[in-house]
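All values below come from the heavy atoms of this structure, side chains included, with hydrogens, waters and symmetry mates left out. Just so you know, residue 1 is the first one in the sequence shown, and it goes up from there.
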Amino acid sequence: RMKKKKVLLIGWDAADWDVIDQLMEQGRMPALKNFLENGVRGKLATYDPPVSPMLWTSIATGKNPEKHGVLGFIEPTPDGKGLRPLLSTSRKVKAIWNILNQNDYKTNVIGWWPSHPAEPLNGAMVSNFYQMVTENDPAKWKMDDGTVHPPEISKQLEELRVHPKELTFAHILPFVPLMNLVDQEKDKNLEVVSKLISHGSCIQNAVTWLLENTEWDFTAVYFDMIDHFSHLGMRY
């Protein structure tokens, strides 16, 4: 029997070749440079408006938004009286992990947008609610039901999350080298940076643990950190 090859799909929201090429030329992205020197690259077209949940569902399904049904960030509540974050149940078509699942491949999906509630896969799914900070106090930060499938690994993955309040000066300094000059009474951007680092760390911890501790053929992981840092800092 032929040995199956593993496929790891890494989604970087808002990663831009114009920025990446400059960083590689400066020797600051050696790992990615090595990938590209031994592989291929291309520019992705996009849909307009470039709304993340819509675009990443198109990537996962190969379908345009009219067919897959994910059109924005929010959706009406079932009673029609309010709004809620968009859920995975709004997707009308199979994603690649569903197709692989039906063909006996083991799949892991981490943080894809939108993926809550987590779908029952032959493998593991960690939804995009996983890293969302809903409590100021790390001790009270509980994980929503339906965030992780299978439920048996929920406790393990809940412990791998990183709360912004658990970050130290040393974690934030590489992102804001002059942070000691920030007047935190007037400028709340360091709080935003802490939250973004926390989000990215949660996803990184979850995908690393699953890659190392589960049997898998296909793993897809989505990072939104570059996108949020761009919204925060591109104007500077």
Side-chain angles (χ1 to χ4, degrees), residues 7-25 29 32-33 35-36 39-78 80-100 107-119 125-133 175 189 192-193 195-200 202-204 207 218-236:
V7 174
L8 173 60
L9 172 61
I10 303 171
W12 283 352
D13 200 319
D16 187 328
W17 289 122
D18 291 342
V19 178
I20 291 167
D21 284 335
Q22 290 179 48
L23 292 170
M24 286 195 295
E25 280 168 24
M29 296 190 81
L32 187 62
K33 191 173 185 203
F35 270 131
L36 296 175
V40 293
R41 64 184 272 176
K43 274 210 163 195
L44 291 180
T46 191
Y47 288 110
D48 199 29
V51 174
S52 290
M54 181 178 90
L55 301 179
W56 289 95
T57 303
S58 292
I59 290 169
T61 61
K63 306 284 186 189
N64 64 33
E66 290 79 13
K67 286 189 177 165
H68 65 58
V70 173
L71 303 174
F73 295 94
I74 54 174
E75 63 186 9
T77 51
K81 293 179 180 175
L83 296 170
R84 68 183 184 188
L86 197 89
L87 301 180
S88 60
T89 45
S90 292
R91 198 181 71 237
K92 297 174 184 172
V93 298
K94 294 172 190 174
I96 184 171
W97 46 84
N98 305 122
I99 297 165
L100 291 170
T107 62
N108 292 331
V109 182
I110 302 96
W112 209 266
W113 198 3
S115 56
H116 191 89
E119 299 168 61
M125 182 174 264
V126 179
S127 90
N128 61 301
F129 280 22
Y130 175 69
Q131 72 277 22
M132 297 303 170
V133 179
F175 296 90
N189 277 330
V192 181
V193 169
K195 191 173 166 187
L196 300 186
I197 298 169
S198 136
H199 281 193
C202 291
I203 296 295
Q204 178 70 13
V207 68
F218 172 83
T219 291
V221 58
Y222 166 81
F223 291 96
D224 63 5
M225 198 169 173
I226 297 171
D227 179 56
H228 287 294
F229 265 116
S230 297
H231 283 298
L232 179 69
M234 199 65 84
R235 66 182 179 273
Y236 300 115

(request) To the nearest 0.5 Å, tell me how far Asp48 CG sits from Leu55 CG. (result) 9.5 Å

(request) List for me each residue that meets side chain to side chain contact (heavy atoms under 4.5 Å, CB included) alongside Asn189, sequence neighbours excluded, and say none if there are none. (result) Asp187, Val192, Leu232, Tyr236

(message) Looking at every heavy atom in both Asp18 and Gln22, which two are closest together, and how far apart are they?
(response) O-NE2, 3.1 Å

(message) Under the rule for side chain to side chain contact (heavy atoms under 4.5 Å, CB included), what residues qualify as partners of His228, not counting sequence neighbours?
(response) Leu196, Asp224

(request) List in chain and number order the residues that pass side-chain hydrogen bond (donor to acceptor under 3.5 Å, both in side chains) with Ser127, two or more places apart in sequence or in another chain; answer none if no residue qualifies. (result) His116

(message) Minimum heavy-atom separation for Gly72 and Val51, please, with both atom names.
(response) CA-CG1, 4.0 Å

(request) Rounded to the nearest 0.5 Å, what's the gap from CD1 on Ile110 to CZ on Phe223? Could you check? (result) 8.5 Å

(message) Enumerate the side chain to side chain donor-acceptor pair (under 3.5 Å) contacts for residues 63-72, please, sequence neighbours excluded, ordered by first and then second residue.
(response) Ser58-His68

(request) Could you tell me whether the side chain of Ser90 and the main chain of Val70 form a donor-acceptor pair under 3.5 Å? (result) no

(message) What's the separation between atom NZ in Lys94 and atom CD1 in Ile99, rounded to the nearest 0.5 Å?
(response) 6.5 Å

(request) Mind checking side chain to side chain contact (heavy atoms under 4.5 Å, CB included) for Phe35 and listing every partner two or more places apart, or none if nothing turns up? (result) Leu32

Would you be so kind as to tabulate the donor-acceptor pairs closer than 3.5 Å made by side chains of residues 40-47, with sequence neighbours excluded?
residue: Arg41; atom: NH1; partner: Asp21; partner atom: OD1; Å: 3.0
residue: Arg41; atom: NH2; partner: Asp21; partner atom: OD1; Å: 3.3
residue: Arg41; atom: NH2; partner: Asp21; partner atom: OD2; Å: 3.1

(message) Quick check: closest heavy atoms across Met132 and Asn128, and the distance to 0.1 Å?
(response) CE-O, 3.3 Å

(request) Find the distance between CE (Met24) and CD1 (Ile20) and round it off to the nearest 0.5 Å. (result) 6.5 Å

(request) To the nearest 0.5 angstrom, please state how far the CD1 atom of Ile74 sits from the CG atom of Leu83. (result) 4.5 Å

(request) Report the residues that fulfil side chain to side chain contact (heavy atoms under 4.5 Å, CB included) with Leu71, sequence neighbours left out, ordered by chain and then residue number. (result) Pro65

(request) Look only at the side chain of Ser88 and the backbone of Pro117, and say whether a donor-acceptor pair between them is shorter than 3.5 Å. (result) yes

(message) According to side-chain hydrogen bond (donor to acceptor under 3.5 Å, both in side chains), who are the partners of Thr61, at least two apart in sequence or on a separate chain?
(response) none

(request) Decide yes or no for Met225 and Ile197: does some side-chain heavy atom of the first lie under 4.5 Å from some side-chain heavy atom of the second? (result) yes

(request) Identify the heavy atoms of Tyr222 and Gly111 that sit nearest to each other, and give their distance. (result) CD2-O, 3.1 Å

(message) Please enumerate all residues that pass salt bridge (charged side-chain N to carboxylate O under 4.0 Å, His left out) together with Asp227, with sequence neighbours excluded.
(response) none

(message) Please enumerate all residues that pass side-chain hydrogen bond (donor to acceptor under 3.5 Å, both in side chains) together with Lys33, with sequence neighbours excluded.
(response) none

(message) Please report the interatomic distance OG1(Thr219) to CG(Leu9), rounded to the nearest 0.5 Å.
(response) 9.5 Å

(message) Which residues pass the ring-ring contact (aromatic ring centres under 6.0 Å, His included) test with Trp112, not counting sequence neighbours?
(response) Trp56, Trp97

(request) Give every residue pair that meets the salt bridge (charged side-chain N to carboxylate O under 4.0 Å, His left out) criterion with at least one member in residues 82-91, sequence neighbours excluded. (result) Glu75-Arg84, Arg91-Glu119

(message) Could you report the tightest heavy-atom contact between Ser52 and Phe73, atom names first, then the distance?
(response) N-CZ, 4.2 Å

(message) side-chain contact (heavy atoms from CB on, under 4.5 Å) for Phe129 and Leu87? Distances and angles first, verdict last.
(response) CA-CA 10 Å; Phe129 280 22; Leu87 301 180; 4.0 Å; yes

(request) Step by step, work out the side-chain contact (heavy atoms from CB on, under 4.5 Å) result for Val133 and His199. (result) CA-CA 8 Å; Val133 179; His199 281 193; 4.3 Å; yes

